[in-house]
Amino acid sequence: GENVEQHPSTLSVQEGDSAVIKCTYSDSASNYFPWYKQELGKGPQLIIDIRSNVGEKKDQRIAVTLNKTAKHFSLHITETQPEDSAVYFCADPLTGTASKLTFGTGTRLQVTL
Amino acid sequence: DAGVTQSPTHLIKTRGQHVTLRCSPISGHKSVSWYQQVLGQGPQFIFQYYEKEERGRGNFPDRFSARQFPNYSSELNVNALLLGDSALYLCASSPTSGRYNTGELFFGEGSRLTVL
C-alpha cells in the first residue's frame with residue numbers, strides 16, 4: 001500500500017453515541033486492514049483487523065467493514081465511553097506484509113460526558 | 001509477561017550529534033520493526049529486521065541504520081541529527097515475518113527524541 005487517507009481528523013461525540021472513522025487505500029493487492037488505538041504517552045495498540053476475504057468483523061462494541069470495490073474500510077464504535085478517547089489509526093501493509101505498515105494520518109476521538 | 005521495552009524514554013540532542021535507541025521485543029518474537037512518529041502524524045515505517053536480517057527499509061536517508069542482535073533485541077542509530085529528526089521513535093515486535101504474516105504488531109511506548 002502506498003497511500004492511506006483517513007477521515008475525519010478529529011471527531012467529538014457524546015458518551016453513548018456511535019463513532020465512525022473511514023480510510024481509503026490505493027493498492028488493489030492489499031489484503032489486511034488493521035486499526036490501532038494510541039492513548040496519550042503510549043504506543044499504538046491493535047484493536048481490530050480484517051482480511052480481504054471478509055466484509056465485516058465485530059468485537060463487542062467495535063466493528064470494521066471493508067468495501068474492496070471502493071477501496072475503503074471503516075471503524076465503527078458503538079455506545080462510546082470516555083475511555084474510547086484516543087487517536088485511532090488505520091493502516092495498510094506495505095508490500096503485503098503486516099510487519100511494514102503505512103499508517104493513516106489519525107483521528108482524534110473525544111468522547112464527552 | 002513484559003511487553004516491548006525501549007530505552008531511553010526521552011533524550012535531547014543537538015544538531016550533528018549521533019543517537020542510539022534500543023528495543024527489546026516480547027520474548028519469543030523474532031521480528032522487530034522501527035517507526036518514526038512526528039507529532040500529529042501517523043507512524044512512518046523505517047526498518048524491519050527478522051532473524052538478524054534486514055527485511056525492509058522505508059524512505060529514510062542513510063543517516064538511519066539499525067541492527068538486530070542474536071537475542072532479537074535491536075538498535076536504531078541516527079547520525080548527523082537534524083532538527084527534523086525530532087520525533088517519537090517506536091519499536092514494534094511480532095512473532096513472524098513475511099508476506100503471509102498478517103498478525104498483530106506489538107508496540108513499545110517509544111523513545112522521544114528532541115533535537116535542538
Treating Ile, Leu, Val, Met, Phe, Trp and Tyr as nodes and any side-chain heavy-atom pair under 4.5 angstrom as an edge, say whether [X] and [Y] lie in one connected cluster.
{"X": "B/F64", "Y": "B/L113", "result": "yes"}
{"X": "B/V38", "Y": "B/L21", "result": "no"}
{"X": "B/L11", "Y": "B/L82", "result": "no"}
{"X": "B/V32", "Y": "B/Y50", "result": "no"}
{"X": "B/F45", "Y": "B/W34", "result": "no"}

Quick one: of B/P43, B/G56, B/A92, B/G42, who has the most non-hydrogen atom pairs under 4.5 Å with chain A?
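If we count pairs closer than 4.5 Å to chain A, B/P43 comes out on top.
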Is it true that, when you exclude B/R15 itself, more than 12 heavy atoms of the residues, nucleotides or ligands shown sit nearer than 6.0 Å to its CZ?
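Not more than 12 within 6.0 Å, no.
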Would you find more than 12 non-hydrogen atoms of other residues, nucleotides or ligands less than 6.0 Å from A/N53 atom CG?
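Result for CG/A/N53: enclosed.
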Where [X] and [Y] come nearest, the two heavy atoms and their spacing:
{"X": "B/E104", "Y": "A/Y36", "value": "C-OH, 4.2 Å"}
{"X": "B/R55", "Y": "A/K100", "value": "O-NZ, 2.6 Å"}
{"X": "B/L90", "Y": "A/P44", "value": "CD1-CD, 3.8 Å"}

Less than 4.5 Å to any heavy atom of chain A: does that hold for the side chain of B/L88, its backbone, both, or neither?
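Just the side chain, heavy atoms under 4.5 Å.
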B/Q6 portion near chain A, given a 4.5 angstrom heavy-atom threshold
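Neither part; nothing is under 4.5 Å.
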Do you know which of A/Q6, A/K42, A/R108, A/Q38 has the most heavy-atom pairs with chain B at a distance under 4.5 angstrom?
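The residue among A/Q6, A/K42, A/R108, A/Q38 with the greatest pair count is A/Q38.
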Heavy-atom cut-off 4.5 Å, strictly under: side chain, backbone, both or neither for A/P34 against chain B?
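Neither; nothing under 4.5 Å.
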Find the distance between CG (A/L46) and CZ (B/F107) and round it off to the nearest 0.5 Å.
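If I round to the nearest 0.5 Å, the distance is 9.5 Å.
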